[in-house]
Amino acid sequence: MKIITIIGARPQIIKAAALSRAIKENFSTQIEELIVHTGQHYDQNMSEVFFGELSIPKPSINLNIGSGSHGKQTALMIEQIEEVLIKEQPNAIVVYGDTNSTLAASIAASKIHIPIVHIEAGLRSFNKNMPEEINRILCDHSSTLLFSPTKTGLNNLVNEGFNKLTKAPYTADNPGIFLCGDIMYDNSLHFSNLSDKKSTLLSDLKLKSNDFILATVHRNDNTDNATNLNNIFSSFLQIATEFKEKIVLPLHPRTKKMLPSMLDVDLYKAITKNKNITIIDPVSFLDMIALEKHAKLIITDSGGVQKEAFFFKKPCIILRPETEWTELVECRVATIVGADKEKTINAYLDFVNNKENLVYPNIFGDGKAAQFICEQLVENS
Ligand code: UD1
Ligand code: UDP
């Protein structure tokens with residue numbers, strides 16, 4: 001069968017590595033994969049860097065859409081993806097997660113009746129102000145095969161009318177839903193040793209294991225809201241000054257662009273001058289794993305980083321009002337604080353004082369989600 005994998009944003013590029021690896025290792029005679037990059041992310045350290053280090057086949061086509069308003073960006077993608085799909089006539093498209101690239105690909109494919117395979121299906125924040133929530137719902141409801149990483153995700157689909165008991169042949173009107181584990185767990189297991197061997201970031205930054213906090217911030221709710229962004233960075237400053245913690249922040253370009261204009265002048269100066277706060281450009285995935293494995297605590301509004309904190313058994317403070325990964329909070333290894341400074345400081349104190357009592361059960365599968373997905377693709381092609 002011929003599939004077209006459509007990716008565009010950093011986390012999707014990384015996720016695609018797991019499926020491409022499974023195809024190369026075990027399904028190369030059955031599945032032909034073509035990769036189309038929408039160009040939603042385009043900086044070297046947001047896109048290109050991952051292809052080489054994670055052995056992802058180079059995209060056959062890069063649509064170079066770039067940044068823009070949601071409507072314009074999505075519309076340009078739909079137009080060009082449609083042309084590619086009409087020309088290539090794949091048996092199915094594969095999409096990941098919940099970005100505008102996911103939505104555009106789903107709309108383009110569904111209109112010309114090409115089956116959609118959605119990996120990371122069923123996740124919900126139940127917050128429709130998030131652009132990602134709309135993207136996920138629309139993608140799920142136009143998909144033919146839906147692969148959910150968690151039981152919660154599968155239950156969300158059932159609650160929205162999907163039937164666990166449907167039988168093949170699957171179609172958009174008779175979709176198949178599967179619980180398959182998390183392909184990012186596959187990737188974290190696979191690339192962990194390579195990161196140990198190749199990443200020099202810790203020594204480059206003169207960091208000692210378990211002696212720093214890793215933080216990432218990029219959600220539009222945080223970057224584009226001055227109160228939220230000031231609260232978040234003010235809590236970082238307090239943790240760095242009062243508690244003498246080192247904080248490493250590989251900063252998304254969106255946040256980097258917003259900081260100077262959104263932070264109060266004094267806070268911006270204090271953050272950029274503070275010796276305990278290290279702001280760096282986005283790092284490669286192998287470097288990111290190194291930071292995650294050796295951090296004492298992770299503070300983030302990223303979906304992927306929340307889970308990787310769990311994979312590497314690190315407590316996580318979630319800078320969002322809710323999470324799709326509710327299991328992390330139920331296991332009490334992650335705490336939701338939104339953009340609230342006091343809650344962030346309290347969560348920090350709780351975790352540093354209770355680190356012995358944290359338990360990380362196996363809730364993300366067996367590290368073979370991509371293998372399972374390929375089996376289903378072949379069986380249902
Ligand atoms: C997108 C996804 C989000 C995901 C994130 C992963 C949507 C709606 N959002 O958010 O779900 O968590 O990717 O990182 O699809 N920029 C650059 N260089 C780049 C890419 C972006 O400078 O290579 C800057 C541009 O100023 C751009 C801004 O970042 O306007 C936002 O980029 P965009 O892709 O629209 O959204 P993200 O915030 O990255
Ligand atoms: N990541 C990375 N380098 C960085 C920051 C993040 O490789 O500097 C990886 C991270 O390990 C995870 C993914 O990017 O696998 C998460 O992407 P992001 O936070 O941009 O988006 P989200 O997961 O929130 O959609």
Side-chain angles (χ1 to χ4, degrees), residues 1-20 23 31-52 54 56-121 130-147 171-172 218 220 252-254 257 282 373 377 381:
M1 72 179 300
K2 176 173 170 180
I3 58 167
I4 295 193
T5 297
I6 300 176
I7 53 179
R10 167 170 68 189
Q12 300 169 325
I13 302 168
I14 300 172
K15 285 166 199 167
L19 200 74
S20 297
I23 293 173
I31 303 176
E32 178 197 355
E33 183 191 34
L34 222 78
I35 297 185
V36 172
H37 192 325
T38 63
Q40 177 170 350
H41 285 174
Y42 43 85
D43 289 349
Q44 197 276 342
N45 55 21
M46 294 294 286
S47 172
E48 177 74 25
V49 63
F50 303 110
F51 288 92
L54 308 183
I56 308 164
K58 286 264 180 239
S60 313
I61 303 168
N62 190 324
L63 305 175
N64 290 314
I65 301 295
S67 306
S69 67
H70 287 277
K72 189 168 178 191
Q73 186 184 50
T74 310
L76 287 170
M77 287 178 192
I78 294 174
E79 192 180 343
Q80 295 200 34
I81 292 170
E82 183 182 58
E83 277 178 29
V84 174
L85 296 183
I86 289 172
K87 178 163 174 271
E88 296 293 339
Q89 292 295 320
N91 299 96
I93 65 156
V94 174
V95 289
Y96 294 93
D98 52 22
T99 71
N100 288 347
S101 298
T102 316
L103 175 66
S106 308
I107 293 176
S110 65
K111 299 283 179 189
I112 49 176
H113 310 137
I114 292 176
I116 300 162
V117 177
H118 188 202
I119 300 180
E120 244 186 31
M130 269 184 97
E132 293 85 353
E133 185 75 348
I134 305 298
N135 294 349
R136 299 175 184 128
I137 293 173
L138 296 180
C139 177
D140 280 341
H141 284 265
S142 48
S143 291
T144 290
L145 297 181
L146 296 90
F147 293 99
T171 64
H218 79 277
N220 62 333
H252 191 289
R254 166 179 209 129
K257 281 177 192 159
I373 292 169
L377 287 180
S381 63

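Atoms CG and CD1, from Leu377 and Ile31 in turn, are 5.0 Å apart once rounded to the nearest 0.5 Å. Note that CG of Asp98 is 7.0 Å distant from CD of Glu120, once rounded to the nearest 0.5 Å.
Ser20 pairs by the side-chain hydrogen bond (donor to acceptor under 3.5 Å, both in side chains) definition with Glu33, not counting sequence neighbours. Residues meeting the side-chain hydrogen bond (donor to acceptor under 3.5 Å, both in side chains) test with Glu88, sequence neighbours left out: Lys2. A search for ring-ring contact (aromatic ring centres under 6.0 Å, His included) contacts involving His218 returns His252, not counting sequence neighbours. With sequence neighbours excluded, the residues forming a side chain to side chain contact (heavy atoms under 4.5 Å, CB included) with Ser47 are Ile13, His37, Phe51, listed by chain and number.
Contact check for Gln44 versus Val49: side-chain heavy atoms found under the 4.5 Å cut-off.
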Extract all donor-acceptor atom pairs below 3.5 Å that involve side chains of residues 64-74 and protein atoms in other chains or at least two apart in sequence.
| residue | atom | partner | partner atom | Å |
| --- | --- | --- | --- | --- |
| Asn64 | ND2 | Asn62 | O | 3.4 |
| Ser67 | OG | Tyr42 | OH | 2.7 |
| Ser69 | OG | Lys72 | N | 3.3 |
| His70 | ND1 | Asn100 | ND2 | 3.0 |
| Gln73 | OE1 | Asn100 | ND2 | 2.9 |
| Gln73 | NE2 | Gly66 | O | 3.0 |
| Thr74 | OG1 | His70 | O | 2.6 |

Show me the donor-acceptor pairs within less than 3.5 Å that the side chains of residues 109-117 make with the rest of the protein, sequence neighbours left out.
| residue | atom | partner | partner atom | Å |
| --- | --- | --- | --- | --- |
| Ser110 | OG | Ser106 | O | 3.0 |
| Ser110 | OG | Ile107 | O | 3.1 |

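Counting heavy atoms of neighbouring residues, nucleotides and ligands inside a 6.0 Å radius, atom NZ of Lys58 exceeds 12 of them.
The two atoms that bring Ala108 and Ile81 nearest to each other are CB-CG2, 3.8 Å, heavy atoms only.
Side-chain atoms of Gln12 come within 3.5 Å of backbone atoms of Tyr96 as a donor-acceptor pair (strictly under, hydrogens ignored). Using a distance-only test at 3.5 Å, with no hydrogens or angles considered, a donor-acceptor pair links the side chain of Gln89 to the main chain of Ile86. One N or O on the side chain of His118 and one on the backbone of Gly97 form a donor-acceptor pair closer than 3.5 Å.
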